[in-house]
Amino acid sequence: MFERIGGAAVAAAIIAAPAAAMTLDFDTMNGGTPVVSGVPALNGDEFTDYGVRLSVAPNRSGSTLGLFDSNCGPDFGTTCTGGDSDLATGPTFGTAPQGRVLIINWGGANLNDDPKGGEITFDFLDPGGVSFSALTLLDIDEADPLSTSDIQFRFDYADGTSSGFWSVADLGAAGALSVTNLSSKGLTGNNSLWRYAFVGGGPLPVGADGSVASVSAFALRYDNISGAVASIEYDRPTTSAVPAPGALGLMALALGGLGLARGARRRARG
C-alpha cells in the first residue's frame, strides 16, 4: 500500500502481523518440554506458553485434570493406565496416535477418565481473547456424537458476555457444528475420535473464517459421561505492528525530497 505525501509516493510504514494459528495437543508443555509420561494432576499453568490456563470443576470430589497417554494398547504393546483401554488410539482403531490427551482423572496416579464428568475450562491469556475454531474429542460413548446432550460448550467473550452452555445436540440442530469422524474405520463409542468445528448459523457468533472471535474462555462440560480432549485449535492475536521492509527508508527519501521541493518553492517565491 502506498500513500501520497506532498506528491511523493511513500510505502505505508506499518503492516499488521498475521494471527498465530495454534493447535494445543498436550504433548509439549511450557518451554517445549515433552510430556514423557502420564501426569496424574495438573496445576493448570503447564501450557501458559501457549496462552492457555486450565481449570476443572469435577462432578466427583477429588478428581483432577490429568494427561493420559493414549499411545497404549494393541498397537503399542503397553497396557493403558487404569485399564482404560477405551482411550487407546492407533491403527487398530483407524485413528492417528494422539499421544497425551486431557482428561478429568479420578484414578490418581493410575490415570482413568471420570465417568461422572465435570467442566474443563480453557482460559485464554491474550488481551482481547482468541479466535476459537475447533476441538478434537476422544471416546465419545454415544452412537451419534452430533445429537448428544451430554456434551456441552460455553464461550466467554472479552467484552464480559457469555454464550452460556449449549449442548452438542442443540448446536447440531441449529447447524452450528460440523463433526468429522477421524477414525478411518468409522468407529463410534469406545476409542472413537471426533473433530468438532464451528460453522456459521445458530446461536454462536461464528465468522466467515469458521471461528468464534474474541474468546476469553472456552468451557467443555461432560455431563456424567467420560471422555478426553485430544486437541484444541485457535488463533492467538498479534497486537504489535512491524515496519514494512524498506518502508522507513522510502519514507525518509520521500520526506527528504518533499523538503527539497518545498525549499525550491520558497526560493522561487523569494
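Counted within 6.0 Å of CH2 on W194, heavy atoms from surrounding residues, nucleotides or ligands total more than 12; the atom is thus considered enclosed.
Shortest non-hydrogen contact noted between P127 and P237 is O-CG, 4.2 Å. Of all heavy-atom pairs spanning C80 and G73, the tightest one is SG-N, 3.7 Å. Pairing each heavy atom of L111 with each of V39, the nearest pair is CD2-O, 3.7 Å. When all heavy atoms of R195 and A134 are compared, the closest pair comes out as NH2-CB, 3.5 Å. Summarising the geometry of D126 relative to R236, their closest heavy-atom pair is OD2-NE, 2.8 Å, with the distance given to 0.1 Å. The two residues N105 and P40 come nearest to each other via the heavy atoms ND2-O, 3.2 Å.
For T89 and T95, the side-chain atoms include no donor-acceptor pair closer than 3.5 Å. For D235 and S131, the side-chain atoms include no donor-acceptor pair closer than 3.5 Å. With hydrogens and angles left out, the side-chain atoms of T161 and D159 include a donor and acceptor closer than 3.5 Å. The closest side-chain donor-acceptor pair between N110 and T81, if any, does not fall under 3.5 angstrom. Checking N181 against S192 by side-chain atom types alone, no donor-acceptor pair falls below 3.5 Å.
The aromatic rings of F198 and F155 lie perpendicular to each other, with more than 60° between the two planes, well past the 30° mark. Below 30°, between 30° and 60°, or above 60°: for F47 and Y50 the angle between ring planes is between 30° and 60°, a tilted geometry.
Checking F153, Y196, F218 one by one against F132, the ring pair (Phe, Tyr, Trp, His ring centres under 6.0 Å) holds for a single residue, F218.
Residues meeting the side chain to side chain donor-acceptor pair (under 3.5 Å) test with N59, sequence neighbours left out: none.
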Practice problem: I would like to know whether L54 and V56 meet side-chain contact (heavy atoms from CB on, under 4.5 Å); could you show each step before the answer? | Solution: CA-CA 7 Å; L54 307 177; V56 64; over 6 Å; no
Practice problem: Would you sort out whether V35 and D27 count as a side-chain contact (heavy atoms from CB on, under 4.5 Å), showing the intermediate values? | Solution: CA-CA 5 Å; V35 180; D27 283 328; 5.6 Å; no
